[in-house]
There are 2 protein chains.
Amino acid sequence: MKKTYSTQEIEKRLSEAGVQPTLQRIAIGQYVLCDADHPTAEDVLAWAEKKLMKISQATVYNTLNTLVEAGLARPFRFPHSDKVVYDSNLMDHFHFLDEKSGQVYDIAMEDIEIKVEMPKKYKIKSLDVVIKGEIKN
Amino acid sequence: MKKTYSTQEIEKRLSEAGVQPTLQRIAIGQYVLCDADHPTAEDVLAWAEKKLMKISQATVYNTLNTLVEAGLARPFRFPHSDKVVYDSNLMDHFHFLDEKSGQVYDIAMEDIEIKVEMPKKYKIKSLDVVIKGEIKN
DNA sequence: TCTAATATTAGAATAATTCTAAACTTAGAA
DNA sequence: TTCTAAGTTTAGAATTATTCTAATATTAGA
Ligand SMILES: [Mn+2]
Ligand SMILES: [Mn+2]
Ligand SMILES: [Zn+2]
Ligand SMILES: [Zn+2]
């Protein structure tokens with residue numbers, strides 16, 4: 001469901017976005033853009049520690065901000081948590097939040113039909129939809 | 001546009017919600033439920049200071065949480081800020097966020113037509129819609 | 001009036017994130 | 001291949017929003 005990039009491709013994406021591809025940025029980039037799903041800074045740090053990568057907390061935050069500024073990820077806040085979540089899905093899409101687990105799922109725009117009728121003076125730039133509920137299976 | 005309640009009515013609303021109507025709660029209740037529009041804890045504190053009311057920061061936070069627990073207000077987080085915003089509009093409604101000013105406007109559900117088509121296993125409990133943009137006039 | 005329950009408060013604590021300034025790495029010029 | 005300037009990483013301090021602690025004050029009702 002998620003695109004996979006080789007280390008070389010990640011490096012290329014960083015370079016092309018004007019970001020110097022350091023070891024830390026490539027590693028975090030690979031995790032955030034390919035492997036993880038809506039991770040927080042804390043998630044990235046935990047993953048780095050598990051892999052014995054000794055990347056500092058400051059670098060995790062710096063790199064996440066760099067990825068956002070470079071347009072490679074987008075930050076979101078959800079109602080259940082005060083941590084910022086990083087989204088590598090650059091398509092326009094919405095979110096389903098499983099209130100039980102706190103897990104966030106992407107919803108393709110095709111699955112939602114939305115029509116906004118508003119007075120002309122409201123100039124719409126973007127739309128965030130968060131559906132809260134539970135997944136039963 | 002916003003319902004006004006007298007001090008007595010606020011007191012009654014608190015009591016009926018099982019909340020002891022202390023002086024501080026009545027004052028904050030009146031501000032949050034009638035006068036203010038999507039205020040933050042900081043806004044409430046600033047208003048209290050302006051009115052020379054000496055209500056402590058802890059009481060502001062306690063009271064806002066009490067109002068939420070009593071079902072008299074709802075907390076929201078918006079993308080532009082990490083402060084919780086308290087909403088006294090208990091109807092189902094959406095939000096327009098003016099990116100210039102940070103001001104939040106209510107959008108009646110009638111102004112938006114939304115139809116969600118999702119696999120049966122997603123049990124929807126609620127829906128948050130935030131429209132970001134600018135108000136030009 | 002007394003008392004137990006509840007609310008308020010100042011200040012300490014916590015949690016997420018940013019800042020600071022020193023050490024390290026890198027890219028590219030010489 | 002140096003050398004150097006620009007850019008990056010880092011530990012730890014700072015900042016911000018919010019919660020906790022535990023002492024004091026208020027309240028409702030017997
Ligand atoms: Mn996570
Ligand atoms: Mn505000
Ligand atoms: Zn997403
Ligand atoms: Zn609202």
Side-chain angles (χ1 to χ4, degrees), chain A residues 10-12 14-29 31-32 38-49 51-70 72-86 102, chain B residues 7 10-12 14-32 38-49 51-70 72-86 102:
Chain A
I10 289 286
E11 198 171 332
K12 190 150 161 289
L14 291 171
S15 289
E16 282 173 352
V19 173
Q20 214 175 275
T22 63
L23 276 158
Q24 292 88 337
R25 284 170 175 173
I26 292 165
I28 294 174
Y31 180 64
V32 172
H38 302 99
T40 62
E42 196 190 28
D43 291 335
V44 175
L45 201 52
W47 156 86
E49 270 160 22
K51 292 198 74 188
L52 307 171
M53 288 188 69
K54 66 176 186 337
I55 295 175
S56 74
Q57 179 176 251
T59 297
V60 168
Y61 278 102
N62 289 345
T63 301
L64 289 168
N65 287 332
T66 299
L67 292 176
V68 169
E69 275 148 36
L72 299 173
R74 283 184 299 167
F76 281 100
R77 270 171 217 280
F78 292 102
H80 69 301
S81 156
D82 50 3
K83 289 173 192 151
V84 173
V85 146
Y86 294 85
Chain B
T7 303
I10 289 286
E11 197 171 330
K12 190 152 160 288
L14 290 171
S15 290
E16 280 172 353
V19 173
Q20 216 175 276
T22 63
L23 276 158
Q24 292 88 336
R25 283 171 175 173
I26 292 166
I28 294 174
Q30 185 129 243
Y31 181 64
V32 172
H38 301 100
T40 61
E42 196 190 28
D43 292 335
V44 175
L45 202 51
W47 156 86
E49 269 160 24
K51 292 198 74 187
L52 307 171
M53 288 188 68
K54 65 174 191 331
I55 296 175
S56 74
Q57 178 176 250
T59 296
V60 168
Y61 278 102
N62 288 344
T63 300
L64 289 169
N65 287 333
T66 299
L67 291 176
V68 169
E69 275 149 36
L72 300 173
R74 283 184 299 167
F76 281 100
R77 267 172 218 282
F78 293 102
H80 67 302
S81 156
D82 52 0
K83 288 172 192 152
V84 173
V85 145
Y86 294 86

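Below, chains carry the letters A, B, ... as their sequence lines are ordered, and counting in each starts from 1.
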Could you tell me how the ring of B/Trp47 sits relative to the ring of B/Tyr31: parallel (under 30°), tilted (30 to 60°) or perpendicular (over 60°)?
-> parallel
Using atom CD of A/Glu49 as one end and atom C1' of D/dA11 as the other, report the distance to the nearest whole Å.
-> 14 Å
Once you round it to whole Å, what is the distance between C1' of D/dT10 and NZ of A/Lys54?
-> 12 Å
Interatomic distance, B/Gln57 CD vs C/dG11 P [rounded to whole Å] = 12 Å
Please collect all side-chain hydrogen bond (donor to acceptor under 3.5 Å, both in side chains) contacts where either partner lies in residues 59-70 of chain A, sequence neighbours excluded, each pair once.
-> A/Ser56-A/Thr59
Take B/Ile55 and B/Val60 through the side-chain contact (heavy atoms from CB on, under 4.5 Å) test and state the conclusion after the steps.
-> CA-CA 7 Å; B/Ile55 296 175; B/Val60 168; 4.1 Å; yes
Minimum heavy-atom distance A/His38-A/Val85, with the two atoms named = CB-CG1, 3.5 Å
Could you state the interatomic distance from NZ (A/Lys12) to CD1 (A/Ile26), rounded to the nearest 0.5 Å?
-> 14.0 Å
Give, ordered by number, those residues of residues 75-83 of chain A having at least one heavy-atom distance below 4.0 Å to an atom of DNA chain C; if nothing qualifies, reply none.
-> A/Asp82, A/Lys83
Do the rings of B/Phe78 and B/His80 sit parallel, tilted or perpendicular, given the 30° and 60° boundaries?
-> tilted
When the distance from CZ of A/Arg25 to P of C/dT25 is rounded to whole Å, what number comes out?
-> 15 Å
Reported CG-to-OG1 distance for the pair B/Leu64 and B/Thr40, which is rounded to 0.5 angstrom = 9.0 Å
Atom OH of A/Tyr86 and atom P of C/dA16: how far apart are they, to the nearest Å?
-> 13 Å
Counting any heavy atom closer than 4.0 Å, what does A/Glu42 reach on the DNA or RNA strands: base, sugar-phosphate only, or nothing?
-> nothing
Could you tell me the separation between the CG atom of A/Leu23 and the CD atom of A/Glu11, rounded to the nearest 0.5 Å?
-> 9.0 Å
Rounding to a whole Å, what distance do you find between A/Glu11:CD and C/dT26:C1'?
-> 13 Å
Side chains of B/Leu14 and B/Leu67 in contact at under 4.5 Å (non-hydrogen atoms) = yes
Provide, to the nearest angstrom, the distance between the CD1 atom belonging to B/Ile55 and the C1' atom belonging to C/dA10.
-> 15 Å
Quick one: is D/dT18 close enough that its OP1 or OP2 comes under 4.0 Å of any side-chain N or O from B/Tyr61?
-> yes
Quick tally for nucleotides 21-30 of chain D: nucleotides whose base has a protein heavy atom under 4.0 Å get B, sugar-phosphate-only ones S, the rest -, giving ------S---
